[in-house]
S.K.: 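I have a structure here, written as structure tokens, and I will follow up with some questions on it.
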Amino acid sequence: MDQLALIVGLLLATVVAVGLGDRLRLPYPVLMLILAAALTFIPGFPDLNIAPELILPIFLPPLLFATAQRSSWAVFRVRWRTLILLAVALVVITTAVVAGAAWLMIPGIGIPAAIALGAMVAPPDPVAVESVAGRVRMPRRLITVLQSEGLFNDAAAIVIFQAAVAAAVGGTEVGPDVVLKFVIGAAVAVVVGIAMGWLTALITRLVGSMVARSAVTLVVPFAAYILAEEVHASGVIAVVVTALEIKRHSRPEDAAERITRTAFWDVVELLVTGLAFGLVGLEIRQVVRDEGNDIWGMLGVAALVCVLVFAVRFLWLAVLAMGARKRQNLLQPHSAKEVLILTWCGMRGLATLALALALPLTLADGTPFPARDYMVVIACAVLLATLVLPGLTLPWLMRVLKASNDGSEERDAARVLAKRAQAAAVAALRQHDLMKDLPPEKVALVKEKMGRLHAELLDGSLRNESVADLRGRGRGLAIAVQTIALDAARQEVVLARNEPDMDPEVADRVLRQLDLRTMIMPE
């Protein structure tokens with residue numbers, strides 16, 4: 001009962017942290033971490049015991065699925081260079097640098113265990129980054145870079161970590177076969193994700209209940225993750241691909257379902273994020289309590305590793321910024337200001353903690369795992385340094401650098417896209433047989449409706465006629481006009497979303513307005 005009460009308490013604390021974060025303009029995951037760590041100092045406070053091997057399967061699938069739903073295959077085709085350079089290359093470089101430093105400074109750690117430590121602290125957490133960046137009005141393009149990095153870097157780090165731990169336990173060395181394992185695991189995970197996406201689309205066609213169709217999306221991420229892990233593939237990639245496939249299979253007539261699903265997943269993401277970071281806070285306190293006074297002798301090495309993590313990220317982003325200016329790459333940093341912001345947003349989180357807790361206690365011969373306590377303390381130190389410090393100071397940094405976005409670029413892009421949607425709707429109606437041989441007063445009604453579409457997509461208003469008005473002004477005609485026009489407008493926005501210079505968030509915003517208008521059409 002204590003365990004259940006603690007979970008419920010963390011969920012309630014999440015809601016409080018969200019409200020407090022809005023008032024203080026601070027990210028609620030950071031507040032949850034600090035609150036949970038502080039609570040454990042209360043005498044008699046219960047421990048939340050979750051097996052380390054269950055942490056990733058419980059928390060990663062819903063959080064990755066929620067983030068991936070805001071992307072698409074077209075966006076990934078545009079961002080492939082950013083994915084390789086940040087989600088894979090930066091993880092590998094960070095792992096190598098940290099592993100080298102650990103091997104030199106920590107007695108008896110060994111190369112495989114040092115590589116495992118590097119993989120633990122290498123991947124930034126997409127949930128933490130998105131929670132923080134979204135509250136400081138960061139330019140949309142920089143958030144896009146961080147989102148691209150966050151969806152696949154966990155997969156690269158986990159593959160390296162698992163290979164290094166297996167080598168340490170078995171007394172072997174980490175070889176180049178890690179690359180082959182990653183490629184094969186990623187390929188199999190893509191197949192699993194596509195299959196799960198197809199299966200989900202089939203289920204949603206057969207199930208009549210809208211609530212049930214939304215609920216199945218809560219089960220699918222866990223199923224994709226577990227299935228991929230069972231066939232020794234990447235569960236992270238399988239979940240992301242599943243989300244992308246579900247979005248690809250969506251139909252214009254599913255507007256009401258998309259609105260319901262979006263609201264449902266907003267709640268799930270908020271509660272799971274708060275619970276996950278509350279767990280991080282509880283575990284950090286547990287590590288401090290277990291290590292006792294020995295922890296003080298480890299803090300020097302931990303501090304140096306924290307500095308290396310920041311330095312490697314800064315230098316790598318600086319190199320990318322120089323290359324981006326030459327190639328005009330919109331999905332990489334362009335200036336020293338952007339490099340500094342993206343470096344400060346390299347926040348570690350759930351994956352780092354879960355990998356640290358997943359370290360085995362002993363080797364194959366029964367001897368203790370080399371420097372395990374050292375590694376856990378370093379991982380927690382990196383987590384605190386990269387999450388709490390940047391999370392609390394990022395709003396200040398954005399003000400000092402004058403980098404906050406006032407939203408003008410997004411509004412301009414939305415205005416252009418809304419015009420395109422309106423033009424597509426008008427063109428579809430002109431070419432449709434419905435408009436032929438209509439009396440002048442009916443044509444005037446259609447023109448009036450199309451003239452309002454652009455403004456309604458921009459300001460979010462839903463000035464739809466009531467059912468009585470529709471009956472009085474030609475109900476059948478009004479419904480037919482809306483169906484033809486909104487389908488054409490949606491197709492134009494989806495087409496624009498796939499263009500390289502289009503901000504997918506702007507397109508999604510216009511699509512949501514189209515979905516809302518479709519949903520409130522009378523039966």
Side-chain angles (χ1 to χ4, degrees), residues 21 24-31 33 67 70-71 75 78-79 81-87 89-91 93-94 121-153 306-349 352 382-410 413 503-506:
L24 301 178
R25 299 184 62 83
L26 293 174
Y28 76 90
V30 176
L31 296 179
L33 188 151
T67 303
R70 294 189 280 272
S71 188
V75 175
V78 175
R79 301 179 185 178
R81 183 179 288 106
T82 303
L83 282 172
I84 293 174
L85 293 176
L86 289 179
L90 181 54
V91 167
I93 293 172
T94 304
V121 301
D125 189 300
V127 178
V129 169
E130 183 131 356
S131 300
V132 173
R135 294 178 177 271
V136 295
R137 293 191 297 180
M138 183 179 293
R140 188 70 244 168
R141 183 174 58 81
L142 298 186
I143 295 180
T144 300
V145 174
L146 294 169
Q147 289 173 336
S148 302
E149 176 188 11
L151 288 176
F152 282 117
N153 56 10
C306 293
V307 172
L308 286 175
V309 166
F310 278 109
V312 170
R313 183 173 178 83
F314 178 83
L315 293 174
W316 183 249
L317 289 171
V319 172
L320 295 186
M322 290 187 289
R325 285 196 294 269
K326 296 177 181 178
R327 294 190 301 268
Q328 295 298 312
N329 191 331
L330 297 177
L331 292 178
Q332 291 178 12
H334 288 177
S335 63
K337 179 191 298 186
E338 293 183 353
V339 168
L340 183 58
I341 292 172
L342 292 177
T343 300
W344 213 234
C345 287
M347 303 166 190
R348 276 56 175 176
T352 295
V382 170
L383 193 150
L384 286 172
T386 59
L387 181 60
V388 176
L389 180 61
L392 296 178
T393 59
L394 185 61
W396 168 83
L397 180 65
M398 296 293 290
R399 288 195 299 270
V400 170
L401 297 178
K402 298 180 180 179
S404 295
N405 185 14
D406 60 1
S408 59
E409 294 182 4
E410 287 81 0
D503 185 343
E505 284 290 329
V506 172

S.K.: Working note: Leu90 + Leu85, criterion side-chain contact (heavy atoms from CB on, under 4.5 Å); need CA distance, chi angles, decisive distance, verdict.
M.R.: CA-CA 6 Å; Leu90 181 54; Leu85 293 176; over 6 Å; no
S.K.: Looking only at heavy atoms, what is the nearest atom pair of Phe310 and Thr343, with distance?
M.R.: O-CG2, 3.7 Å
S.K.: With a 4.5 Å heavy-atom cut-off, do Met347 and Pro124 have their side chains touching?
M.R.: no
S.K.: So, for Leu340 and Leu397, which heavy atoms are closest and what is the spacing to 0.1 Å?
M.R.: CD2-CD1, 4.2 Å
S.K.: Check the side chains of Trp344 and Thr393 for a donor-acceptor pair under 3.5 angstrom, ignoring hydrogens and angles.
M.R.: yes
S.K.: Determine, stepwise, if the pair Cys345 / Leu394 fulfils side-chain contact (heavy atoms from CB on, under 4.5 Å).
M.R.: CA-CA 8 Å; Cys345 287; Leu394 185 61; 3.8 Å; yes
S.K.: Which residue is it: Leu384, Val382, Leu387? I am looking for the one with a side-chain contact (heavy atoms from CB on, under 4.5 Å) to Arg348.
M.R.: Val382
S.K.: So do the side chains of Arg313 and Thr94 get within less than 4.5 Å of each other, counting heavy atoms only?
M.R.: no
S.K.: Could you check whether any side-chain heavy atom of Val388 comes within less than 4.5 Å of a side-chain heavy atom of Leu383, counting everything from C-beta outward?
M.R.: no
S.K.: Of all the heavy-atom pairs spanning Ala122 and Val91, show the shortest one and how long it is.
M.R.: CB-O, 3.7 Å
S.K.: Might you work through the side-chain contact (heavy atoms from CB on, under 4.5 Å) test for Leu320 and Leu86, ending with a clear yes or no?
M.R.: CA-CA 9 Å; Leu320 295 186; Leu86 289 179; 3.7 Å; yes
S.K.: Considering all heavy atoms of both residues, which atom of Cys306 and which atom of Ala385 are nearest to each other, and what is their separation?
M.R.: SG-CB, 3.7 Å
